[in-house]
Structure formats: C-alpha cells, structure tokens
There are 2 protein chains.
Amino acid sequence: MDIEQSKKDNQLSAIFKTLSEPNRIRILRILYHSGRELTCSEISDQLNISKSTVSYHFKALRHAGLTTTRQVAQTKYLSINQKTFKEYLPAFLDSL
Amino acid sequence: MDIEQSKKDNQLSAIFKTLSEPNRIRILRILYHSGRELTCSEISDQLNISKSTVSYHFKALRHAGLTTTRQVAQTKYLSINQKTFKEYLPAFLDSL
DNA sequence: ATTGTATTTCGATAACAATCGAACAAGGAG
DNA sequence: CTCCTTGTTCGATTGTTATCGAAATACAAT
C-alpha cells in the first residue's frame, strides 16, 4: 500500500473521528448559523454541557483544523476554519 | 434544541464514526477503484488484517448504510451503497 | 461423510473517548 | 486588593473500539 495514501487516510479518518461526536456537530452548526464567533461559556449554556467538556471539544475541533481561535484577554472566540472544510468536506457546512 | 435536528446529528455523527477508522476508508477505496464487489478474504489479504477484523468492519460499514452485500452460498460480496454517499457525502468517493 | 473455504461470533485485552466536578490560572471590574 | 468570569487541566468513572485467535457455522466439492 502507498505510504502517502496511508498518511492521507489517517488524516481523513482523524477529521471524521472529530466529527463523530454529536455535540461537536452541534457546535459547528451553531457557529455556522450564528455567523459570528462564539465562546466556551456560550456553547456550554446553549448545549447544556459543562464548560470543561466544551473546552475539551473545542480543543479537539481546533486540533483537527476545523476551527480557529481568537483570544482577547481570558476569552477565546471560536470560528470555523473554512479552509479545511473546503479541502476535505466541501458540501458539509451548507448541509447543516 | 430541535429534536429532529438532534436526530439528524446523531445519524450524521454515526456515519462519521464509521469512517473514523483508517482501514474502513481503505476498504472503501479498494471497493471504489476496483469497480467490482469484494469479499472478506480478499480484503483481509490486501490489508493484512485478520478476517475476523475485516468481518467486523464489514458489519460496521453495512450497518451505517455505506455498503451493501450480495450473498452467494457462504460468500458475501461487498459493494458501495452509492445512495448514502450521494445523500451525506456527495464529493467523498471521488476524492478517494 | 470428510475436507476445505468463507464468514461470523466469542472472549479477552488494551487503548481511547466523553463526561463531570473540583482545582487552578489569568484577566477584568469594582 | 478582592471578587467574578472565562477557560484549562486533573482525576475518576464509565463506556466504546479495534484487534486477535479460537471456536462455531454454513456451504461446496470430492
């Protein structure tokens, strides 16, 4: 098996793994439809899950390259990383 | 949160979960590029993983609606379920 | 009926994931 | 300086996943 191909498979499956958690899809939908950046606490309130859990999901999304973060003081604003979606999941965001 | 929406999230994340395993992506690629049905044993040989593991992956793919099976005697031929991909991941197969 | 081939199921194991509350760190507001 | 808010990390728990070899099942061929 091609080793380059194999690497690509791993990256792709890592993105899928990140999206295999319903709450993460919800986070992305809220982000996409609100059209603005959102914070940990806002999501925590909207989805009724603890801040620590949201923080954990934020980290996972960021790590997979699906979101980016802008920090102002202690507050972190999350937004969608369009680049990754364009490259790997072109039609996905619109389907949300 | 919308309950219908929530159900859709769960289904979508279930598909992603199924695709979050590199070997399953490999199985789909082999299926897609070979242009024919394949068996458990063939995949087992090509990917160098045990037949029982392949069987496990086959079941997962089928369960997620990503593949279909045609049985002839004790042999099961796997093929891609185009319908599901069209509906949920339009551009995915071509990207393999 | 015995042998061989294809697949599934079982039991075990080891790794990973989601979740929470508590504790911690960093900054803003009074 | 003290309190409040925001977010991260930690430890624990609970559940899930991928993997294998062995055993079981189902059928075909001889």
Side-chain angles (χ1 to χ4, degrees), chain A residues 1 6 9-31 34 36-79, chain B residues 1 6 9-31 34 36-79:
Chain A
M1 184 176 26
S6 187
D9 289 348
N10 291 336
Q11 177 161 12
L12 192 52
S13 69
I15 288 179
F16 285 137
K17 179 173 279 176
T18 307
L19 293 173
S20 72
E21 213 320 291
N23 279 326
R24 302 217 262 254
I25 292 182
R26 288 177 193 123
I27 291 172
L28 289 173
R29 176 179 315 102
I30 296 175
L31 269 178
S34 75
R36 61 189 184 86
E37 302 165 307
L38 292 171
T39 67
C40 213
S41 297
E42 270 181 298
I43 298 284
S44 173
D45 290 343
Q46 284 203 41
L47 294 184
N48 257 299
I49 49 184
S50 79
K51 284 185 302 174
S52 58
T53 301
V54 175
S55 177
Y56 169 71
H57 288 321
F58 271 27
K59 197 184 210 170
L61 288 165
R62 190 164 14 92
H63 188 253
L66 296 170
T67 58
T68 54
T69 296
R70 182 175 68 91
Q71 178 163 8
V72 176
Q74 81 275 45
T75 305
K76 291 192 172 172
Y77 296 95
L78 208 79
S79 55
Chain B
M1 184 174 30
S6 187
D9 289 348
N10 290 336
Q11 176 161 14
L12 191 53
S13 68
I15 287 178
F16 284 137
K17 179 173 279 176
T18 308
L19 293 173
S20 72
E21 209 327 286
N23 280 324
R24 302 217 261 254
I25 293 181
R26 288 177 193 123
I27 291 172
L28 290 172
R29 177 179 315 103
I30 295 175
L31 269 178
S34 77
R36 62 188 183 88
E37 302 165 309
L38 291 171
T39 66
C40 213
S41 297
E42 271 181 297
I43 299 284
S44 172
D45 290 344
Q46 284 204 44
L47 293 184
N48 256 300
I49 48 185
S50 80
K51 284 185 297 177
S52 60
T53 300
V54 175
S55 176
Y56 169 72
H57 288 321
F58 270 27
K59 195 184 209 171
L61 288 166
R62 190 167 11 93
H63 189 252
L66 297 170
T67 59
T68 55
T69 296
R70 181 175 68 91
Q71 179 163 6
V72 175
Q74 80 274 45
T75 305
K76 291 192 172 172
Y77 296 94
L78 208 79
S79 55

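All values reported here derive from a predicted model rather than from experimental measurement. A, B, ... follow the sequence lines: proteins, then strands. Residue 1 opens every chain.
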Taking the nucleotide of DNA chain C with the closest heavy atom to each, which residue, A:A73 or A:V54, is nearer the 5' end?
-> A:V54

On a heavy-atom basis, the closest approach of A:S41 and A:K51 is OG-CD, 3.9 Å

Spacing of A:F58 atom CZ relative to D:dT8 atom C1', expressed in whole Å = 13 Å

If you take all heavy atoms of A:I43 and A:F58, which pair is closest and at what distance?
-> CG1-CZ, 3.8 Å

Rounded off to whole Å, could you give me the CG-to-P distance for the A:L61 and D:dG7 pair?
-> 15 Å

Leading and trailing nucleotides of DNA chain C with any atom under 4.0 Å from heavy atoms of chain A = C:dA17 to C:dG28

Between A:S41 and D:dG7, is there a side-chain N or O to OP1/OP2 distance below 4.0 Å?
-> yes

Over all heavy atoms of both residues, which pair between A:E21 and A:H57 is shortest? Give the atoms and the distance, please.
-> CG-CE1, 3.8 Å

Where the side chain of B:R24 is concerned, which of D:dA18, D:dT6, D:dT8 is the nearest nucleotide?
-> D:dA18

Smallest separation among heavy atoms of B:S13 and A:P22, with atom names | OG-CG, 3.4 Å

Nearest heavy-atom approach of B:L78 to B:L31 is O-CD2, 3.1 Å

Measure the distance from CD on A:Q71 to P on D:dT8 and round it to the nearest whole Å.
-> 8 Å

Hey, does A:S52 reach any base, or is it just sugar-phosphate, or nothing, if we go heavy atoms under 4.0 Å?
-> base

Identify whether any heavy atom of B:Y56 sits under 4.0 Å from a base atom; if not, whether one sits that close to sugar-phosphate; answer base, sugar-phosphate or nothing.
-> base

Kindly say if B:H57 contacts the phosphate of D:dT17, meaning a side-chain N or O under 4.0 Å from OP1 or OP2.
-> no

Closest heavy-atom contact between A:T18 and A:A60?
-> CG2-O, 3.7 Å

Quick one: which of D:dT8, D:dC20, D:dT16 gets closest to the side chain of B:K17?
-> D:dT16

B:K51 vs D:dG21: side-chain N/O to OP1/OP2 distance below 4.0 Å | no

What distance do B:R26 atom CZ and A:N10 atom CG have between them, rounded to the nearest 0.5 Å?
-> 5.5 Å

Give the rounded distance in Å between these two atoms: CZ of A:R70 and C1' of D:dG7.
-> 16 Å

Look at the side-chain N and O atoms of B:K76 and state whether any lies under 4.0 Å from the OP1 or OP2 oxygen of D:dA26.
-> no

Remember a base hit wins even if backbone is also touched, and classify B:T53 as base, sugar-phosphate or nothing at under 4.0 Å, heavy atoms.
-> base

Could you tell me the separation between the NE2 atom of B:H63 and the P atom of D:dA18, rounded to a whole number of Å?
-> 14 Å

